[in-house]
Amino acid sequence: MSALTTDTSAIRLAERAAHLPPSATAALDAHAKQLIASGVDVINLTSGEPAFSTVEPAARAAVAAVEEDFTRYTPAAGIPELRVAVSAYLNRHGTHYDAENVVVTAGAKQALHYAFTVLLEPGDEVLIPAPYWVSYPHMVSLAGGVPVEVHPGPDSGLKITPDRLRAAITPRTRVLLLNNPANPSGVVYTSDELAALVDVAVESNLTIISDEICDHWVYETEYTSVAALGRGVAARTLTIGGVSKTFAMTGWRIGWVSAPAPVAAAISAVQSHTASAPSSVSQRAALGALTADLSGELEKRRAELDDRRRTTIQALDAAPGIALDTDPRGAFFVFADVSGTYGMRAGDRTINSAADFAALLLSEANVAVVPGADFAAPDHVRISYTVPSDRLAEALDRIAAFATGLTPAP
Ligand SMILES: Cc1ncc(COP(=O)(O)O)c(C=O)c1O
């Protein structure tokens, strides 16, 4: 092996990067894809994206952008017409954003990173309701903040309550991070539940970062945007979103943050010094998606995912040892408690954790799911139901057969 592969003596990594693990969900997804590429018939239920194609108007707008040679730097906050389109798009939920409130970024992930960068002083605490999306604590730490997990109570359906939040607040608490619909649990907070959480943030003068990337993917319930709750909430809220999930455009890397204008200006300044701006072609694609009438197509897609969600819930409910302690009405995940399988064996191996469950489900039944430890829920697994219906049905059959075939350890 060359020194470039093994020698770590000449370059010292900064503390903030030295122990930073890569995204656990991305690693699992990559592992499942590798097995599939090597010919194993794995059904991959780890994915965090809908398995639809990019909506057509976006693709067409991108082709036109290339043909017009729209391939130069854009303004740091994004092309003006896209900022207008994003604000109009957000306001369908009852907010009152203008173009000056919007900064277009390379995905919602980068928007979150910028948000923490402009808000946090070293040691500032960020309340993160658990279970949470894997990247949040790392993003907070990278920006010099301190992630503080807020765990839901028993029998809460994995939703946090105002009391739980209040108990976690210290003089160093600066930000409340909300994610609705939630990854990984798939739960959707009602507007009353959100209002009660927001009241706690107002009482303690916290800034709210509201990650609403899955706002389109809600079923059998209404969606509420935090910044639309009134009572001055928008003035203390940064709303995060993007085209990735709604329009099946994860690879185009277009997201946004919408915030009071001075905050948006600070974020734009950071972007100007780091990324310059998001891709010009992708911005045109996003503009194509946001300005076309896609309501029919998006409704059709939502109905398809809703169908798969119901099928998944039904199958998991019937599987021995697997319990659903949430009401998953959002995103594209069912988060299942598998602690009922602990002490059971598959072949000669015993399940003692959700990680064991996921590893054995992959090796014995060729189904990949994400164990919950990195989401701060070590007894759960996240099951993504975005794969096509026939593959999902096959995966659910395999899970049922796996669960039924487990035997008590001697
Ligand atoms: C809760 C949540 N927020 C943000 C993101 C990032 O979205 P984007 O692909 O637009 O960066 C994801 C993607 O998995 C997510 O699940």
Side-chain angles (χ1 to χ4, degrees), residues 22-30 44-52 54-55 58 78 82 86 89-90 102-117 126 128-140 142 147 158 175-189 208-218 223 225-226 238-258 267 271 274-275 278-279 282-283 285-286 289-290 305 328 330-335 370 372 374-377 382-386:
S23 160
T25 45
L28 255 163
D29 192 40
N44 184 5
L45 306 185
T46 70
S47 176
E49 57 188 339
F52 297 116
T54 288
V55 292
L82 180 55
V86 170
Y89 177 73
L90 290 172
V102 174
V103 180
V104 181
T105 58
K109 229 174 203 175
Q110 198 178 37
L112 283 158
H113 173 62
Y114 290 151
F116 292 125
T117 300
V126 177
I128 307 179
Y132 48 69
W133 182 46
V134 284
S135 294
Y136 291 143
H138 300 302
M139 289 174 163
V140 170
L142 276 173
L158 296 186
V175 173
L176 167 61
L177 175 59
L178 294 173
N179 173 214
N180 190 49
N183 179 2
S185 67
V187 300
V188 181
Y189 285 81
I208 300 168
I209 298 180
S210 185
D211 180 349
E212 307 186 5
I213 185 78
C214 279
D215 61 352
H216 174 68
W217 302 111
V218 294
Y223 171 76
S225 178
V226 166
L238 284 71
T239 304
I240 307 290
V243 294
S244 296
K245 316 282 181 176
T246 303
F247 300 98
M249 293 177 66
T250 49
W252 297 84
R253 310 308 304 132
I254 293 293
W256 51 73
V257 48
S258 203
I267 288 175
Q271 176 150 272
T274 50
S279 145
S282 291
Q283 288 189 66
L290 293 181
L305 278 197
F332 17 76
F333 309 116
V334 171
F335 204 48
V370 187
D374 290 311
F375 304 119
R382 191 187 75 177
I383 295 164
S384 167
Y385 51 81
T386 59

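Because the structure is a prediction, the values reported are computed rather than measured. When a ligand or atom number is given, it counts from 1 through the structure's own listing order.
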Among protein heavy atoms, which lies nearest [atom], and at what distance?
{"atom": "atom 16 (O) of ligand 1", "answer": "Asn183 ND2, 2.8 Å"}
{"atom": "atom 1 (C) of ligand 1", "answer": "Asp211 OD2, 3.4 Å"}
{"atom": "atom 15 (C) of ligand 1", "answer": "Trp133 CE2, 3.6 Å"}

Query raised in the report: Can you tell me if NE2 on His113 sees more than 12 non-hydrogen neighbours from other groups inside 6.0 Å?
Result: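 12 or below, so no.
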When you measure from the heavy atoms of [X] to every atom of ligand 1, does any distance fall below 4.0 Å?
{"X": "Ala108", "result": "yes"}
{"X": "Tyr136", "result": "yes"}
{"X": "Asn179", "result": "yes"}

Contacting atoms of ligand 1, where contact means under 4.0 angstrom from a heavy atom of [X]:
{"X": "Ser244", "value": "8 (P), 9 (O), 10 (O)"}
{"X": "Gly107", "value": "10 (O), 11 (O)"}
{"X": "Ile213", "value": "1 (C), 2 (C), 3 (N), 4 (C), 10 (O), 15 (C)"}

Report task. Quickly, which of Phe332, Phe247, Tyr385 forms a side-chain contact (heavy atoms from CB on, under 4.5 Å) with Pro50? Name it, please. Result ->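 Output: one option passes, namely Phe332.
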Query - Nitrogen or oxygen of Ala106 less than 3.5 angstrom from that of ligand 1 - result: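 Between Ala106 and ligand 1 (N or O atoms, distance only) the closest approach is not under 3.5 Å.
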Query raised in the report: Between Lys109 and ligand 1, does any nitrogen or oxygen pair lie at a separation below 3.5 Å?
Result: yes
Query raised in the report: What distance separates Phe335 CZ from Ile383 CD1, expressed to the nearest 0.5 Å?
Result: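 It comes to 10.0 Å.
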Query raised in the report: Which distance, rounded to the nearest 0.5 Å, do you find between the OG1 of Thr105 and the CH2 of Trp256?
Result: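 The CH2 atom of Trp256 is 9.0 Å from OG1 of Thr105, to the nearest 0.5 Å.
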Query raised in the report: For Glu49, does its backbone N or O pair with a side-chain atom of Thr386 as donor and acceptor, under 3.5 Å?
Result: yes
Query raised in the report: Are the side chains of Val134 and Phe375 in touch, meaning some heavy atoms are under 4.5 Å apart?
Result: yes
Query raised in the report: Between Trp217 and Pro181, is any pair of side-chain heavy atoms under 4.5 Å apart?
Result: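 Side chain of Trp217 against side chain of Pro181, heavy atoms only: no contact under 4.5 Å found.
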Requested in this report: Could you name the option among His113, Arg253, Lys245 that has the heavy atom nearest to atom 14 (O) of ligand 1?
Outcome: Lys245
Query raised in the report: When you check the side-chain N and O atoms of Ser225 and Glu212, is any donor under 3.5 Å from an acceptor?
Result: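 Short answer, yes.
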